[in-house]
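Quick caveat, the model's predicted, so the values are computed rather than measured. When a residue number appears, it is its place in the shown sequence, counting from 1.
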Amino acid sequence: MEQHAVEQHGKAEPTGLDVVVTTMASDSHTWNLVFLQLLLEELGHRVTNLGACVPDGLLVAECRRVEPDLIVLSSVNGHGFNDGLRVIGALRACPELARTPTVIGGKLGISGSGTPARQRALMAAGFDGVFEEGGSVLDFQSFVGSLPAGAARTLPAASVARALPAASGALL
């Protein structure tokens, strides 16, 4: 009697990344998070959207719970630089999140976008990518596409600060 292979539907390994998108404690904007969620989901990723005004402790706790492949911090209010420095310190101090790729973007300051010194400071503080308003969404998509799904949450050796634009203000 001949045996036939039986296809198993619904048991495929999930593809894409598990991504957390969030603002920081001082930022009450949500449209940027909805845009990011839709963009990432369209690219095949699973998104946990923590919403606006997320306190640092809650952000760290939820990231520990979700164990994301990528954390995306978005700011629209112009306080992203200062808030980002504080938040990345808390994320990197947590052993479970110390190597999780983490990016920040949007309107990071009130003195304009694309300040190289600001991008360097954020990268030196521990961010793996900086995507300020005025750049290209393709840079963000390229960065996300370079991350392996379900991997040990490590980045390519040469992470590069990049700028990302926004429609009507800040995108990230």
What are the two closest non-hydrogen atoms of [X] and [Y], and how far apart are they?
X	Y	answer
Ala121	Leu85	O-CD2, 4.1 Å
Gly84	Phe127	O-CE1, 3.4 Å
Ser75	Met24	CB-CE, 3.9 Å
Leu17	Leu147	CD2-O, 3.8 Å
Ala25	Pro55	CB-CA, 4.1 Å
Pro68	Cys63	CD-O, 3.1 Å

Just how far is it from atom [atom1] of [X] to atom [atom2] of [Y], taken to the nearest 0.5 Å?
X	Y	atom1	atom2	result
Asn82	Arg118	CG	CZ	10.0 Å
Leu91	Glu96	CG	CD	11.5 Å
Asn32	Glu133	CG	CD	11.5 Å
Asp56	Ile88	CG	CD1	11.0 Å

- Task: Only counting residues at least two apart or in another chain, list the ones meeting side-chain contact (heavy atoms from CB on, under 4.5 Å) with Ala98.
- Result: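 Expected list: none.
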Heavy-atom side-chain proximity of [X] to [Y] below 4.5 angstrom:
X	Y	result
Val20	Thr100	no
Asp69	Val19	no
Arg92	Thr102	yes
Val76	Thr23	no
Phe143	Asp139	no
Leu58	Leu50	no
Leu39	Val137	yes
Thr22	Val72	no

- Task: Taking side chain to side chain donor-acceptor pair (under 3.5 Å) as the test, write out the residues that go with Asp83, two or more places apart.
- Result: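 Partners of Asp83 by the side chain to side chain donor-acceptor pair (under 3.5 Å) criterion, ordered by chain and then number, come out as Ser26, Arg86.
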- Task: Can you sort out the partners of His29 under side chain to side chain donor-acceptor pair (under 3.5 Å), two or more places apart, ordered by chain and number?
- Result: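 In terms of side chain to side chain donor-acceptor pair (under 3.5 Å), with neighbours along the sequence ignored, His29 is linked to Asp27.
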- Message: Hydrophobic clustering (ILVMFWY, side-chain heavy atoms < 4.5 Å, transitive) - are Leu33 and Leu38 grouped together?
- Response: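 Shared cluster, no.
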- Message: Is there a path of hydrophobic side-chain contacts, each under 4.5 Å between heavy atoms, that joins Leu43 and Phe140?
- Response: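 Same cluster.
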- Looking at Val103, Leu59, Val21, which hits side chain to side chain contact (heavy atoms under 4.5 Å, CB included) with Leu73?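 Checked Val103, Leu59, Val21 against Leu73; only one passes side chain to side chain contact (heavy atoms under 4.5 Å, CB included): Leu59.
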- Query: For Leu97, does its backbone N or O pair with a side-chain atom of Arg64 as donor and acceptor, under 3.5 Å?
  - Reply: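 Flag not set: sc Arg64 to bb Leu97 has no pair under 3.5 Å.
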